[in-house]
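Numbering of ligands and ligand atoms starts at 1, following listing order.
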Amino acid sequence: MIVDLNSRYGLNPAHSEVVEACKIIEPCDTLDMGCSNGRNAVYLGQLGFSVTAIDANPGAIDMLQSIIVEEGMSIKAQVYDINNASLGEDYDFIACTVTLMFIDPARVDAVIADMHKRTLAGGYNLIVCAMSTDENPCPVRFPFTLKAGQLREAYEGWELIKYNEDVGTMHNGAKLQFATLLARKPG
Ligand SMILES: C[S@@+](CC[C@H](N)C(=O)[O-])C[C@H]1O[C@@H](n2cnc3c(N)ncnc32)[C@H](O)[C@@H]1O
């Protein structure tokens, strides 16, 4: 029986879009951007993905590192500032869930361009990011939010496997819109 390591270490379950993506993406070299304490990285690692997990928060990386050591997992966990837009390696799959909205708005284009560059031909990007539109102004003061259609435009030329700009409801009833993109780089 496979032990659920997320539960064992008090991590939330992996993001639902990561779980969905894993139904079509085979285990491969994967980057988890803004991994926090590793709910996605640990899940992916358990499924056999070869994971590099990066986050600017050293405390989160330390916690993930202690899970890696305890479980003898081969995840590489590293402190890294996404604003640098200088990923040093290529990947088959780059996941960036609920993280882009914390990036310096002036660096977002460079960050996405670097993700494109560092994705191998036929590889995948998954992004989930808050939006702010005329119809649904973002009720949370994130440093960055996407405009309508902005993420789709950034992936012109890629195969869009999934793209939506769905509106959700927060606990307090406020509307929060997210763009969700799973795209495949041309082979
Ligand atoms: C809301 S959490 C999302 C964590 C994870 N991706 C998930 O789906 O649960 C956002 C994460 O982005 C990280 N982050 C924010 N700004 C960052 C930056 N400039 N570079 C790297 N990580 C950053 C935060 O430390 C935090 O762990």
message = Looking at Val167, is its backbone amide N or carbonyl O close enough to the side chain of Lys175 to form a donor-acceptor pair, meaning the two atoms are under 3.5 Å apart?
response = no

task = Mark yes or no for whether Ser7, through its side chain, and Leu5, through its backbone, hold a donor-acceptor pair below 3.5 Å.
result = no

message = Could you identify the single nearest non-hydrogen protein atom to atom 4 (C) of ligand 1 and state the distance to 0.1 Å?
response = Gly34 O, 3.1 Å

query = Should we count CD of Glu159 as having more than 12 external heavy atoms under 6.0 Å?
reply = yes

ask   = Is there a side chain to side chain donor-acceptor pair (under 3.5 Å) between Tyr155 and Asn125 once you walk through the steps?
value = CA-CA 10 Å; Tyr155 278 80; Asn125 282 184; 2.7 Å; yes

Side-chain (Gln177) to main-chain (Glu165) donor-acceptor, under 3.5 angstrom = yes

ask   = Taking only heavy atoms of Ser36, which atoms of ligand 1 are found under 4.0 Å from at least one of them?
value = 4 (C), 27 (O)

Check: Ile82 N/O within less than 3.5 Å of ligand 1 N/O = yes

task = Within a distance under 4.0 Å of any heavy atom of Tyr80, pick out the atoms of ligand 1 and give their elements.
result = 20 (N), 21 (C)

key: Expected output: side-chain Asn37 to main-chain Met63 donor-acceptor under 3.5 Å   = no

query = Side chains of Thr119 and Asp90: is there a donor and an acceptor less than 3.5 Å apart?
reply = no

inquiry  = Considering non-hydrogen atoms of the protein only, which is the closest contact for atom 16 (N) of ligand 1, and what is the distance?
reply    = Phe102 CB, 3.8 Å

task = Ignoring angles and geometry beyond distance, decide whether Asn57 reaches within less than 3.5 Å of ligand 1 through its nitrogen or oxygen atoms.
result = no

inquiry  = For atom 9 (O) of ligand 1, what is the closest protein heavy atom, and at what distance to 0.1 Å?
reply    = Arg39 NE, 2.6 Å

task = May I ask you to say whether Glu89 pairs ionically with Lys76, meaning some side-chain N is under 4.0 Å from a carboxylate O?
result = yes

remark   = Checking heavy-atom distances from atom 8 (O) of ligand 1 to each of Thr97, Thr99, Val128, the winner is Thr97

key: Identity of the nearest option to atom 24 (C) of ligand 1, non-hydrogen atoms only, from Val98, Asp55, Ile61   = Asp55

ask   = Does Glu17 come within less than 4.0 Å of Lys162, counting only side-chain N to carboxylate O?
value = yes

message = So if I count the atoms of ligand 1 from 1 in the order they appear, which ones are less than 4.0 Å from some heavy atom of Asn83?
response = 19 (N)

request  = Considering the heavy atoms of Asp81, write down every atom of ligand 1 situated less than 4.0 Å from one of them.
outcome  = 18 (C), 19 (N), 20 (N)

Per-residue contact class, Ile103 against ligand 1 - non-hydrogen pairs under 4.0 Å = side chain

ask   = Is there any N or O on Asp32 that sits under 3.5 Å from an N or O of ligand 1?
value = no

remark   = Going by the 4.0 angstrom heavy-atom rule, the piece of Asp104 near ligand 1 is neither

Output field: ring centroids Phe102/Phe144 closer than 6.0 Å = no

key: Closest protein heavy atom (residue, atom, distance) for atom 22 (N) of ligand 1   = Ala56 N, 3.1 Å

